[in-house]
Visitor: 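Sharing a structure here in structure tokens format.
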Amino acid sequence: MTIPTEEILIEKHSFIKDLIFRVKASLLIVNRLRRNVSSPVPHFKPNNKLIDSSIIAFSESELWNPYDNTQNWILTAGKIENLRIAARKINRLEVKANEVFSFWKHIGNPNYGKGYVVGREIREGCIVPTIAGGLCQLSNALYDAALKANFEIVERHKHTKVIKGSLAEEDRDATVKWNYIDLRFKSKYDFRIEVEFTSDKFIVVFKSSEKDTFNQNQQFKNQQSSKINDCYSCGNSSCFKHPKKLSEKQATSNTTFILDKKWPEFDKYIKDLADSKDTLIIPIKKNRYDWSIGNKTKIKSTTKEGISRTLKFRIGAKKGANLFELGLALDHKIAEKITKIIPIESTHLVISQNLLPFLYKSGALGGRTFDVLMTRLPMEKLHEKLDNAFKVYNTSETLNDFRAPHELISHENKALNQARKIITPHSEIAEIFKNKIEKLEWAVPENKTFKMGGTKILFPASAVARKGAFEIKKLAQELSLTISVSGNAIEKANFWEGVTTEKFNGDYNDIKLVIYPVYVEHQPRQILKAISKGIPVITTSACGLESSSLLTLINVGDYEQLKKEVEKFLSSK
């Protein structure tokens, strides 16, 4: 007589057997803790000494399971979230020669207060939902890379079940269970571990200045894969582990919009994309963060970090702090909080650029596609522009105060390369990303009260080199111009000596021409306002606008072309 499969599984997963499993596990945990005290393993820290060393081994695996159905994919989404959290503890570790690397020594107990969610775990031959499930994909990848690097394997345990498509099919897997089933290995040389994600790949890389010559002589045997027997697809609804008896809520994939200060161009674009299933994450729920989609999506905020950024930025500005460096540090704090509140079921993100490199570094973009709202040039391109300007004006006190760390530039570049789409109204930025750009139209303000007939010339920025202050000063001296200046910052004391200037009062009725020989301009609001009022503008291609009957574009840093166009305009009036 054949016993039905359902009865076999009910017996296999009885309360008594589950209790026995937990008691055994507890005893093994205690035993391992005792052994760790008597024979401790070292804890290594992130470092950058080996960051430029050669890659000696890597392991690449799929994040998403192609055999999932629409019901059980949430377990895979949970697994990926758990990998993101664990990867932060492993990424950038540099391990000393002949010292043992222990998986659990660096991951720690994943069960309490660490942010882990329900994912897949192989237990007694079945795949079941459990907190922090899925960390074996990280241990698998570490073991696979360690074998390829010819490291000495100190401790490794096979899975009890081979999942189709996993490294277990090649006998290159390493299961782990806090903390008695560990993965441990060592090398004859110092080495570095890097963990990276793409939208569908999980990658572990080992770097070293020398390659380990230890030969483990492992025999790799392919094993027959078996059909996944997980709780969301096996159909055994009588089993007490079935998901109907678990609190995990199934959800469908959606988009999370991770936004900062509102731009009208982006606001209009996103308003047409979002729906009620989506989530909006913003620093503060008011003022400049009042995005139109806020009334049609779920809203989350990083209120504490958002308010702190606002206050510290104001204080820093008054004290003369480097606002760029301060802004990076404060954006980092906001991004750290965001990584903890992105819904695990969100498989697509739309991200404001200032938060992008920090989210990439955290691994929050792993297993997801994402689009980027570009609000400025990539930092690498921005540095190039400032460096070129400094070659011309090497006495400038402001051209060298805007530099990001190399590591942050690298994170931004990698994220921009992986982005699905780059979204911007800025023409200069769009030119960099020709193959995946979504170009928006600039939002031109409405003109309701303007009357033509002004007599003044406006320089719509602060008197700093990157905004073209040296060019406008030279031009004013040579053509005997009086300049109306809108910004407050200044290159240095007495910068305007020899030039007649006045503070712009905001009344465009007084302006007949805007001159703006800018090197860096990401949000040309004053130019757009002038154009909306019919005022001619002479500026550079750095403003991100297209030429028109009112807008004359010149090459960046071309003073002779600037002077020629201004003289042409003045002679025609």
Visitor: Over all heavy atoms of both residues, which pair between Trp64 and Gly367 is shortest? Give the atoms and the distance, please.
Guide: NE1-O, 2.9 Å
Visitor: State whether a side-chain donor-acceptor pair under 3.5 Å links Asp507 with Asn509.
Guide: yes
Visitor: Side-chain contact test, heavy atoms from C-beta onward, threshold under 4.5 Å: evaluate it for Val350 versus Leu373 and give yes or no.
Guide: yes
Visitor: Closest heavy-atom contact between Ile511 and Val514?
Guide: CG2-CG2, 4.2 Å
Visitor: Verify, without hydrogens or angle tests, whether Lys492 (side chain) and Ser396 (backbone) share a donor-acceptor contact under 3.5 angstrom.
Guide: no
Visitor: Can you tell me how far the CG atom of Asp267 sits from the CG atom of Leu259, to the nearest 0.5 Å?
Guide: 9.0 Å
Visitor: With a 3.5 Å distance limit and no angle check, can you tell me whether Lys533 reaches the backbone of Tyr508 through a side-chain donor-acceptor pair?
Guide: no
Visitor: Side-chain contact test, heavy atoms from C-beta onward, threshold under 4.5 Å: evaluate it for Val204 versus Glu194 and give yes or no.
Guide: no
Visitor: If we count only N and O atoms by modelled type, under 3.5 Å, do the side chains of Asp371 and His348 hold a donor and an acceptor together?
Guide: yes
Visitor: Distance under 6.0 Å and angle within 45° of the ring axis: does Lys473 meet both against Phe495?
Guide: yes
Visitor: Under 3.5 Å, is there a donor-acceptor pair between the Gln526 and Ser486 side chains?
Guide: yes
Visitor: Is there a donor-acceptor pair under 3.5 Å between the side chain of Lys439 and the backbone N or O of Pro425?
Guide: yes
Visitor: Looking at Gln561 and Asn555, would you say the former's side chain and the latter's main chain have a donor-acceptor pair under 3.5 Å?
Guide: yes
Visitor: Walk me through whether Ile258 and Phe370 qualify under side chain to side chain contact (heavy atoms under 4.5 Å, CB included).
Guide: CA-CA 10 Å; Ile258 302 173; Phe370 58 94; over 6 Å; no
Visitor: With the side chain counted from C-beta on, respond yes when Phe504 and Val485 share a heavy-atom pair under 4.5 Å apart, and no when they do not.
Guide: no
Visitor: Heavy-atom distance under 4.5 Å between the side chains of Leu377 and Glu428, does that happen here?
Guide: yes
Visitor: Donor-acceptor pair, distance only, cut-off 3.5 Å: does the side chain of Lys333 make one with the backbone of Arg309?
Guide: no
Visitor: Compute whether any side-chain donor of one residue and acceptor of the other, for Ser427 and Glu546, lie under 3.5 angstrom apart.
Guide: yes
Visitor: Would you say the side-chain atoms of Asn82 pair up with the backbone N or O of Gly133, donor to acceptor, closer than 3.5 Å?
Guide: yes
Visitor: I need the minimum non-hydrogen distance between Leu528 and Leu545, along with the two atoms involved.
Guide: CD2-CD2, 3.8 Å
Visitor: Under 3.5 Å, is there a donor-acceptor pair between the side chain of Asp278 and the main chain of Thr255?
Guide: yes
Visitor: How about Cys543 and His426: do any of their side-chain heavy atoms sit closer than 4.5 Å?
Guide: no
Visitor: Any ring pair (Phe, Tyr, Trp, His ring centres under 6.0 Å) involving residues 292-332? Give me the pairs, sequence neighbours left out, ordered by first then second residue.
Guide: Phe324-Phe402, His332-Phe358
Visitor: So which heavy atom on Pro110 is nearest to which on Ile131, and how close?
Guide: O-CG2, 4.2 Å
Visitor: With a 4.5 Å limit on heavy-atom distance, are the side chains of Tyr516 and Pro524 in contact?
Guide: no
Visitor: Between the main-chain N or O of Ile342 and the side-chain N or O of Ser346, is there a donor-acceptor pair closer than 3.5 Å?
Guide: no
Visitor: Search all heavy atoms of Leu328 against all heavy atoms of Pro405 and return the closest pair with its distance.
Guide: CD1-CD, 4.3 Å
Visitor: Ignoring hydrogens and angles, state whether a donor on the side chain of Thr198 or Asp200 is under 3.5 Å from an acceptor on the partner side chain.
Guide: yes
Visitor: Tell me the ring pair (Phe, Tyr, Trp, His ring centres under 6.0 Å) pairs involving residues 260-311, sequence neighbours left out?
Guide: Trp263-Phe266
Visitor: Would you sort out whether Gln137 and Ser61 count as a side-chain hydrogen bond (donor to acceptor under 3.5 Å, both in side chains), showing the intermediate values?
Guide: CA-CA 8 Å; Gln137 185 164 354; Ser61 55; 3.0 Å; yes
Visitor: If you define the side chain from C-beta out and look only at heavy atoms, does anything of Glu345 sit under 4.5 Å from Ile74?
Guide: yes
Visitor: Could you check whether any side-chain heavy atom of Leu475 comes within less than 4.5 Å of a side-chain heavy atom of Ile483, counting everything from C-beta outward?
Guide: no
Visitor: For Ser362 versus Thr339, what's the shortest heavy-atom pair and its separation?
Guide: OG-CG2, 3.1 Å
Visitor: Donor-acceptor check, side chain of Glu265 to backbone of Ala443, threshold 3.5 angstrom: yes or no?
Guide: yes
Visitor: Begin from the C-alpha positions of Lys312 and Leu330 and carry the test side chain to side chain contact (heavy atoms under 4.5 Å, CB included) through to its verdict.
Guide: CA-CA 8 Å; Lys312 289 182 178 179; Leu330 296 174; 3.7 Å; yes
Visitor: Do Glu565 and Thr552 have side-chain N/O donor and acceptor atoms under 3.5 Å apart?
Guide: no
Visitor: Checking the side chain of Ser532 only, and the main-chain atoms of Lys529 only, is there a donor and an acceptor separated by less than 3.5 Å?
Guide: yes
Visitor: Please list every donor-acceptor pair under 3.5 Å in which a side-chain atom of residues 457-470 meets a protein atom from a residue at least two apart or in another chain.
Guide:
{"residue": "Ser462", "atom": "OG", "partner": "Asn488", "partner atom": "N", "Å": "3.3"}
{"residue": "Ser462", "atom": "OG", "partner": "Ala489", "partner atom": "N", "Å": "3.3"}
{"residue": "Lys467", "atom": "NZ", "partner": "Val520", "partner atom": "O", "Å": "2.8"}
{"residue": "Lys467", "atom": "NZ", "partner": "Glu521", "partner atom": "OE1", "Å": "3.4"}

Visitor: Answer yes or no: is there an ion pair linking Arg84 with Glu81, defined by an N-O contact shorter than 4.0 Å?
Guide: yes
Visitor: Check Lys456 with Glu502, please: is the shortest side-chain N to carboxylate O separation under 4.0 Å?
Guide: yes
